[in-house]
Amino acid sequence: MAAHLLKKTRSHQPTFFDTFGYGSRPQRPSSFSTMLVSAAFFFHFGLLPILWNVATSVPSIVWTGTSTGLLCLAALAARHSSITSRKVSICTITFLFAYPIFGCISYKAWGQYSGERETMLLQTLPIMLLGLALYLTGAAARSHRIYRTIWMTWLLMACYVLLNAKNFSVENLYQTATETGNKLTYQQLGDSFAICSTILAARIRQAPQRWLFIAAAIGLMFIVPSRSAAFFGTASLLTVIVLFGGFFTRVVVIGLVVAIGLGYETGLFAQLFEGTRFQIAFTPGSEDGSWSTRQEIMNHGMNVLTSRPFTGEWAFQLGEMKFAGLYIHNILDIWAQTGLISFLLFLAIWGALLVALMTGFERWPRIAKETAPLLVFVVLSWCLARNVTFVALFFCLGFASAALAQARFGHAVRRHRASEAFSHSQFSHSQFAHSQFAHSQFGYTQYGQGWAQQGQDPFQATRLIDQGVDGYGQQGTY
């Protein structure tokens, strides 16, 4: 055959995201990296809030530093065997670096120098580093499918909650304060338990088992004295039921919501949760000190947005309320503290996630349905109760980014795998193993002879399979 008739193919050149962080062509996961990712997840989400509360003689920074170190090691170890949505990763990493930079600009712009403001600014550096490590670890956790570890973490927290339920009363909470802060401890515990419950509920295939698991998870979440985690975790678990259920199931969910509303109006829930932090939340027309303080700092934050919309004012709460621990309990805190640009970068993350989610529903609905409830929990948390320093939510972003990246290309991969297996079986059974993909997302090697590495458009491959062109069989089903 003439040389000019041969099809010239170009080998895939590794990009930044392929060689360092979480690209679109991952390698086969090693057992060591999977073990490290599992250990990092189990320590941060399962052991860390328990150690804060139990091992009070050890400074909390020791446990936090150990967790951060494990997360960073896990992120580095899994850098070649994980996958994320590239646009989501770019926006997230840019935001995590931009937040302290624009915080410094805001601090310098208005000349309100103080040691406490500088301390808060320096504290954002390790916090954003932890957020980056959690994002990358979340992507690695989904890529390596550490669901057994998530089950173990959920069971550990469930046992701890049941054994310490009596210590979660309002009276005991005010009497037992640790160095880290009792409130931070149970907020971390509540968020971790809600995240694990949402991930696992979406993975249960049988409807009766799913209902039982969700009922148990909701009951345990209302034992942990984190009201936001309980309410938003319940909303995300109900989203799982709605997405995976039929018409009758959705009618049942609507009935449950109506029953919850009646229980609130009649005061039944207030009596049921008497002596806990949920009592005031379930009492109609009542407000506690936390709610009034949130309203006050929200008003001060809105004044900052109107007077200094471009740069914001770093640690404005010190000038208005003389207390560093206060913050706006939603994403507007980003705008008020660091200005408009970092706030727009944060919104860009969600724009990229929304596009990826819509693509996932079109190309692999099962994965998109598993991911949507987790994003519901994150959206509710950041819009109604948390600011960006609650970096555990970045784990959810990484987990969702990896899942939606798989949903984008996975349908073509599955069709090609079925077609390749069929074509090899026609000639030699010995070549059948070669056609199997070793990685859960893509080809058996990052830069090998896989179909994606030959410069071929994956969606073109899907069309060729359906049309039976160039040796692709008609076995396009999967």
Open item on the list: Walk me through whether Phe346 and Trp335 qualify under side chain to side chain contact (heavy atoms under 4.5 Å, CB included).
Closed with: CA-CA 10 Å; Phe346 186 80; Trp335 192 352; over 6 Å; no
Rounded to the nearest 0.5 Å, how far does [atom2] of [Y] lie from [atom1] of [X]?
| X | Y | atom1 | atom2 | answer |
| --- | --- | --- | --- | --- |
| Asn303 | Met298 | CG | CE | 10.5 Å |
| Asn299 | Arg294 | CG | CZ | 14.0 Å |
| Ile349 | Leu354 | CD1 | CG | 13.5 Å |
| Leu96 | Leu130 | CG | CG | 10.0 Å |
| Cys396 | Leu134 | SG | CG | 9.5 Å |
| Leu156 | Cys196 | CG | SG | 10.0 Å |

Aromatic ring centroids of [X] and [Y] under 6.0 Å?
| X | Y | result |
| --- | --- | --- |
| Phe213 | Trp151 | yes |
| Phe395 | Phe45 | yes |
| Phe231 | Phe222 | yes |

Using only atom types and a distance under 3.5 Å, with no angle test, would you say the side chain of [X] pairs donor to acceptor with the backbone of [Y]?
| X | Y | result |
| --- | --- | --- |
| Ser67 | Thr64 | no |
| Asp333 | His329 | no |
| Ser192 | Leu189 | no |
| Arg142 | Ala403 | no |
| Ser143 | Ile83 | yes |
| Ser106 | Phe102 | no |
| Trp382 | Asn387 | yes |
| Arg79 | Leu76 | yes |
| Thr92 | Ser89 | no |
| Ser401 | Ser85 | yes |

Exercise: identify the closest heavy-atom pair between [X] and [Y]:
| X | Y | value |
| --- | --- | --- |
| Ala39 | Leu70 | O-CD1, 4.4 Å |
| Thr239 | Ala235 | OG1-O, 2.8 Å |
| Arg366 | Ile204 | NH2-O, 4.4 Å |
| Ser236 | Val376 | CA-CG1, 4.4 Å |
| Arg227 | Ala281 | CD-CB, 4.1 Å |
| Ala229 | Ala194 | O-CB, 4.0 Å |

Open item on the list: Quick check on Phe97: does its CZ atom have over 12 non-hydrogen neighbours (other residues, nucleotides or ligands) under 6.0 Å away?
Closed with: no
- [ ] Could you walk me through whether Ser30 and Ser33 pass the side-chain hydrogen bond (donor to acceptor under 3.5 Å, both in side chains) test, one step at a time?
- [x] CA-CA 5 Å; Ser30 66; Ser33 60; 3.0 Å; yes
- [ ] With Arg386 as the cation and Phe390 as the aromatic partner, state whether NZ or CZ is under 6.0 Å from the six-membered ring centre and within 45° of the axis.
- [x] yes
- [ ] Measure from NZ or CZ of Arg117 to the centre of the six-membered ring of Tyr107 and say whether it is under 6.0 Å with the direction within 45° of the ring axis.
- [x] no
Is [Y] close to [X] at the side-chain level, that is, under 4.5 Å between some pair of heavy atoms?
| X | Y | result |
| --- | --- | --- |
| Leu220 | Trp154 | yes |
| Ile331 | Val388 | no |
| Met221 | Ile218 | yes |
| Trp350 | Leu397 | yes |
| Thr359 | Leu404 | no |

- [ ] Check the pair Thr153 / Leu47 against side chain to side chain contact (heavy atoms under 4.5 Å, CB included), numbers first and verdict last.
- [x] CA-CA 8 Å; Thr153 307; Leu47 291 179; over 6 Å; no
Open item on the list: Please evaluate residues Met152 and Phe41 with respect to the criterion side chain to side chain contact (heavy atoms under 4.5 Å, CB included), reporting the C-alpha separation (whole Å), side-chain torsions for both, the decisive distance (0.1 Å), and the verdict.
Closed with: CA-CA 10 Å; Met152 292 172 58; Phe41 178 88; over 6 Å; no
Open item on the list: Is the ring pair Trp314/Tyr99 parallel, tilted or perpendicular, if the boundaries are 30 and 60 degrees?
Closed with: perpendicular
- [ ] Anything under 30° is parallel, anything over 60° is perpendicular, the rest tilted; go ahead and classify Phe232 against Phe377.
- [x] perpendicular
Open item on the list: Would Tyr186 and Asn53 count as a side-chain hydrogen bond (donor to acceptor under 3.5 Å, both in side chains) here? Give the steps.
Closed with: CA-CA 9 Å; Tyr186 64 69; Asn53 215 18; over 6 Å; no
- [ ] Decide side-chain hydrogen bond (donor to acceptor under 3.5 Å, both in side chains) for Tyr135 and Thr84; before the verdict, give the C-alpha distance in whole Å, the side-chain angles of both, and the deciding distance to 0.1 Å.
- [x] CA-CA 10 Å; Tyr135 174 81; Thr84 61; 4.6 Å; no
Open item on the list: Looking at Arg205 and Glu370, is there a salt bridge between them, counting it only when a charged N and a carboxylate O are closer than 4.0 Å?
Closed with: yes
- [ ] Just do the side chain to side chain contact (heavy atoms under 4.5 Å, CB included) check on Thr306 and Met302 with the steps written out, would you?
- [x] CA-CA 6 Å; Thr306 54; Met302 295 304 296; 5.7 Å; no
